[in-house]
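Written out below as structure tokens is the structure these notes cover.
Remember, predicted model here, so these are calculated numbers, not experimental data.
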Amino acid sequence: HGTGLQRDGRGGYDHTAPGVRKTLTLADYAAEHKERIRLTHLGAPCLPTCKFGQRCLDEVTKPVLYRAHEYSFYADDGGGTPLTKKEQSQRWLKLVDSWVTFDVDGKISEDYHIGSYRTCREAAREAYGILPLRLSSMLRVAKAAPGGLESEEAMRLWDANVAAMHAAERTTSTSEAV
């Protein structure tokens, strides 16, 4: 077939085949994200179009990055209790909602930050460990819900986006296997 995928007879592919990227559990992803902060390898989170000259993380300290990590992955109980996927999504929705504002005429503005440090979208996304596709989906919902992401309208929009997002993530992980 030329795709390099090994079929398993169910129309899918062998998830254990060489070159197939393993889907990480939330706990594994949290550990990987924390290690990238520890090693200061958050990648080159800024894009060439960064309005801060690709220097977003220059002033952000490791403790601030660790607090962003804790916000994204752990409960506020001081005991390191991991968040469920639903709790994490709710936290990220609240965060994304704070990044999107509407003026009196309904014009949308985006103002990203890590703690109190203003940054570009990519630096903030990476610091909080939000997957690119997930952030795009959350931004779509935030921009469509001027009443805030905690409104009933926003929750309906979010629920409608979740199925599409999961389908896209499955497609992405399948195409990454190629």
Side-chain angles (χ1 to χ4, degrees), residues 26 29-30 32-34 36-37 40-78 81-173:
L26 187 56
Y29 181 67
E32 179 185 277
H33 181 255
K34 188 172 186 176
R36 286 195 328 263
I37 291 171
T40 316
H41 289 167
L42 286 179
C46 300
L47 298 175
T49 56
C50 173
K51 67 181 181 180
F52 301 106
Q54 295 182 291
R55 299 176 59 88
C56 288
L57 296 181
D58 287 359
E59 301 296 321
V60 180
T61 63
K62 276 196 180 184
V64 171
L65 293 172
Y66 281 125
R67 280 194 297 277
H69 171 80
E70 295 288 326
Y71 178 84
S72 288
F73 296 101
Y74 300 100
D76 294 328
D77 62 5
T81 305
L83 295 175
T84 65
K85 282 188 174 190
K86 182 176 182 170
E87 291 167 332
Q88 183 186 56
S89 286
Q90 290 169 338
R91 287 252 179 116
W92 282 346
L93 281 167
K94 187 175 182 177
L95 180 65
V96 170
D97 194 36
S98 76
W99 292 341
V100 176
T101 58
F102 297 84
D103 69 13
V104 292
D105 297 323
K107 183 179 180 233
I108 299 170
S109 297
E110 297 176 33
D111 185 27
Y112 299 95
H113 56 273
I114 303 167
S116 61
Y117 297 91
R118 290 187 68 211
T119 67
C120 69
R121 173 181 169 167
E122 287 305 304
R125 182 196 65 71
E126 185 67 28
Y128 284 96
I130 304 173
L131 299 169
L133 186 61
R134 177 112 352 145
L135 178 59
S136 295
S137 295
M138 290 179 171
L139 283 169
R140 262 194 312 281
V141 172
K143 291 175 182 181
L149 287 175
E150 295 182 25
S151 70
E152 284 184 37
E153 171 193 3
M155 293 318 315
R156 277 194 302 275
L157 286 167
W158 177 244
D159 289 342
N161 268 295
V162 167
M165 182 173 52
H166 289 299
E169 285 174 349
R170 281 191 300 275
T171 301
T172 301
S173 68

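Considering only heavy atoms from C-beta on, Ser136 comes within 4.5 Å of Arg121 through its side chain. You'll find the side chain of Thr101 stays beyond 4.5 Å of the side chain of Asp111, heavy atoms only. Side-chain contact check for Leu131 versus Leu133: every heavy-atom pair is 4.5 Å or farther apart. Inter-residue side-chain proximity for Trp99 and Leu135 is flagged as met; some heavy-atom pair is nearer than 4.5 Å. Counting heavy atoms from C-beta outward, Leu57 and Ile114 have side chains that approach closer than 4.5 Å.
In this structure, Glu59 has no side-chain hydrogen bond (donor to acceptor under 3.5 Å, both in side chains) partners at least two apart in sequence or on a different chain. With sequence neighbours left out, the side-chain hydrogen bond (donor to acceptor under 3.5 Å, both in side chains) criterion links Lys107 to no other residue.
One finds the NZ atom of Lys94 at 9.5 Å from the CG atom of Asp97 (value rounded to the nearest 0.5 Å). Annotation: the span from Lys34 atom NZ to Glu70 atom CD amounts to 5.5 Å, rounded to 0.5 Å. Note that NZ of Lys51 and OG1 of Thr119 are 9.0 Å apart. Values are rounded to the nearest 0.5 Å. Rounded to the nearest 0.5 angstrom, Arg67 CZ and Ile37 CD1 are separated by 11.5 Å.
In terms of heavy atoms, Tyr74 sits closest to Ala30 at OH-CB, 4.0 Å. Closest approach of Ala142 and Val100 over heavy atoms only: CB-CG2, 3.9 Å. For the residue pair Tyr112 and Leu139, the shortest heavy atom distance occurs at OH-CD1, 3.6 Å. Scanning all heavy atoms of the two residues, the minimum distance from Gln54 to Leu47 falls at CG-O, 3.4 Å. The shortest heavy-atom contact between Cys120 and Cys46 is SG-SG, 3.7 Å. Between Ser98 and His113, the closest heavy-atom pair is OG-CE1, 3.5 Å.
Taking a cutoff of 4.0 Å between a charged side-chain nitrogen and a carboxylate oxygen, Glu122 and Arg125 qualify as a salt bridge. Between Glu32 and Arg36 there is a salt bridge, since a side-chain N of the basic residue sits under 4.0 Å from a carboxylate O of the acidic one.
With Tyr128 contributing its side chain and Trp92 its backbone, the two residues share no donor-acceptor pair below 3.5 Å.
Taking the six-membered ring where tryptophan is involved, the planes of His33 and Phe73 are tilted, since the angle between them lies from 30° to 60°.
The number of heavy atoms from other shown groups lying within 6.0 Å of NZ (Lys62) is above 12.
Relative to the six-membered ring of Phe52, Arg118 misses at least one condition, a distance below 6.0 Å or an angle of at most 45° to the axis.
Using modelled atom types, one finds no donor on one side chain facing an acceptor on the other under 3.5 Å when comparing Ser137 with Arg134.
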